[in-house]
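As a basis for the values below, the full set of heavy atoms in this structure was taken, side chains included, without hydrogen atoms, waters or symmetry mates. Note that ligands are numbered from 1 as they come in the structure, with each ligand's atoms numbered from 1 the same way.
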Amino acid sequence: MAKNVTVRTLAKMKQAGEKIAMMTAYDYPTARLLSEAGVHILLIGDSLGMVVQGQSTTVPVTLDQMIYHASMVSRGATNGAMVVADLPFLTYQVTPEEAMRSAARIMQEGGVHGLKLEGGRELAPTITRLVQAGVPVMGHIGLTPQSVHAFGGFAVQGKTADAAMQMIEDAKALEEAGAFAIVLEAVPAEVAAAVTERLAIPTIGIGAGALCDGQVLVFHDFIGYTSGYIPKHNKRYAAIADTIVTAAQQYVDEVQTGTFPGEEQTVHLQRNEHEAFLEMLQRKDENLD
Ligand code: KIV
C-alpha cells in the first residue's frame, strides 16, 4: 500500500467497487504488521476491553485506556493505513461539547486520523459538530456493543422488516450528518446490502454479509488468540493460541531439563579473564575461611 489511506481514498474505493479491509489493532507491533500487509484501516476498537483486558463487555473501557492504545497503534501504522479509534461508552453521548472534548484528547494524544461512534440518528447533531470541527467520523449501527445491557445481549439486529427500515433511516441520517463510513455489525445480509446500495459512503460489515463495501474483523478472533465465545461471523485465519501454548510448553520443558539456555544464548568470559577471575575468587574465599 504505497499511499496514505484517507477519507477520499475510501470514497474512491466505494465508487470503483474496490473492497475495503479494516482490522482492529491495539498495539505497535500488530499495527506495523497489519499496515505492512495492506490493511486499509486500523481500528482501535473498544473491543480491547474484551479481547485484551478480559472484561465481559466494552462498557468499562475508559478514554485514557483508548488513548494509550491509540498512541501505540498510530506509531505502528507505518505503511499508509488510516487509523481510527472508538470513542468509549458515554464519552460522546452526554452532550456534543463533551464529545468534542473527548475527540480532541484522542486525536491529539492518540494521534488517530478519525473516530468511530456507536449509534443512530440521535447522534446526527454530534456528528455534524465533530465533522464541522475537522474530525472524520465513522458511524456504527446494528449491534452496537456499548448498548449490550440495553439489548439484553450480543444479538443480531434488524431482523424484522420494520427494524430493517429503521436501520436504513439511521444510516442515511449518519451520512447526512457527515460520517465518512458506517460499520454495520450483526445485521442480516439483505439489510446490509440495502443500506450499502442506498449510501454514497462506504459500509464496513462485521457479521453483515458479503455485500458491504468492506469488512472488519477483531484481530484476536482473526488470529485465533481469543478463548471462550467466538462470534459466528468470525473466520480464523491462524491458530496462534496453539502456537503459543506449544512454544510455552517447550520452554517450560527446556528450562526444567536445562536445555535452555544453550550455548547459543550464553556469553562467556575470555579465557585470560576467566583464569584471573577464578584466582581472585579463590584468594577471596581463602581469606574468608
Ligand atoms: O470495538 C470494535 O472492535 C468494533 C468492531 C467490531 C467494529 O467496534
Side-chain angles (χ1 to χ4, degrees), residues 10 19-27 30-31 34 39-63 65-70 72-73 81-93 102 106 110 112 114-120 123 136-149 151 153-158 167 170-171 174 179-187 192 195-196 201-209 212-223 225-226 229-237:
L10 300 173
K19 298 275 187 180
I20 299 162
M22 172 159 119
M23 178 84 72
T24 68
Y26 313 108
D27 59 29
T30 309
L34 294 180
V39 172
H40 302 105
I41 308 175
L42 299 179
L43 172 70
I44 304 105
D46 59 0
S47 52
L48 68 87
M50 299 173 76
V51 298
V52 178
Q53 297 176 347
Q55 315 263 16
S56 58
T57 74
T58 61
V59 172
V61 177
T62 67
L63 187 58
Q65 291 167 353
M66 290 301 296
I67 291 170
Y68 172 69
H69 286 275
M72 291 185 272
V73 171
M82 180 174 192
V83 180
V84 175
D86 271 335
L87 277 183
F89 181 65
L90 287 192
T91 60
Y92 55 97
Q93 296 95 333
S102 302
I106 197 160
V112 301
L115 299 175
K116 179 163 78 59
L117 275 58
E118 293 183 9
L123 276 186
V137 175
M138 178 181 281
H140 182 160
I141 58 175
L143 170 57
T144 45
Q146 292 173 14
S147 305
V148 61
H149 299 307
F151 290 139
F154 294 102
V156 173
Q157 301 297 305
M167 207 167 283
D170 279 332
L174 299 184
F180 70 87
I182 301 182
V183 167
L184 304 176
E185 178 165 355
V187 172
V195 172
T196 302
I201 58 173
T203 58
I204 315 277
I206 176 162
C212 296
D213 299 305
Q215 298 291 327
V216 54
L217 283 179
V218 170
F219 177 73
H220 286 50
D221 295 342
F222 145 83
I223 51 159
Y225 198 13
T226 326
Y229 170 73
I230 307 292
K232 172 180 159 53
H233 59 248
N234 186 57
K235 177 170 175 188
R236 277 194 166 163
Y237 285 77

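- For the atom pair CD1 (Ile141) and CG (Leu143), the distance works out to 11.5 Å, reported to the nearest 0.5 Å.
- In this structure, the side chains of Tyr92 and Leu115 stay at 4.5 Å or more apart for every pair of heavy atoms.
- Close approach to Thr24 involves these atoms of ligand 1, each under 4.0 Å from a residue heavy atom: 3 (O).
- In summary, the atoms of ligand 1 found under 4.0 Å from a heavy atom of Gly45, numbered by their order in the structure, are 1 (O), 2 (C), 3 (O).
- Ligand 1 places these atoms under 4.0 Å from at least one heavy atom of His140: 8 (O).
- Selection from Val216, Ile206, Leu217, Asp46 by nearest heavy atom to atom 6 (C) of ligand 1 gives Ile206.
- Nearest protein neighbour of atom 5 (C) of ligand 1, counting heavy atoms only, is Leu43 CD2, 3.8 Å.
- Taking the six-membered ring for Trp and thresholds of 30 and 60 degrees, His220 and Tyr225 have nearly parallel ring planes, at less than 30 degrees apart.
- For the pair Met66 and Leu87, the minimum side-chain heavy-atom distance is 4.5 Å or more.
- Contacts between Asp86 and ligand 1 below 4.0 angstrom, taking non-hydrogen atoms only, involve the side chain exclusively.
- When the heavy atoms of Ser47, Gly205, Pro88 are ranked by distance to atom 3 (O) of ligand 1, first place goes to Ser47.
- The side chain to side chain contact (heavy atoms under 4.5 Å, CB included) with Val84 is formed by just one residue from the set Thr24, Ile41, Val137; it is Ile41.
- Remark: the backbone N or O of Val51 is not paired with any side-chain donor or acceptor of Gln53 at under 3.5 angstrom.
- Residue-to-ligand polar distances keep Glu118 apart from ligand 1: every N/O pair is separated by 3.5 Å or more.
- Of the protein's heavy atoms, Lys116 NZ, 2.7 Å lies nearest to atom 8 (O) of ligand 1.
- Taking the side chain as every heavy atom from C-beta outward, Gln146 and His140 never approach each other to under 4.5 Å.
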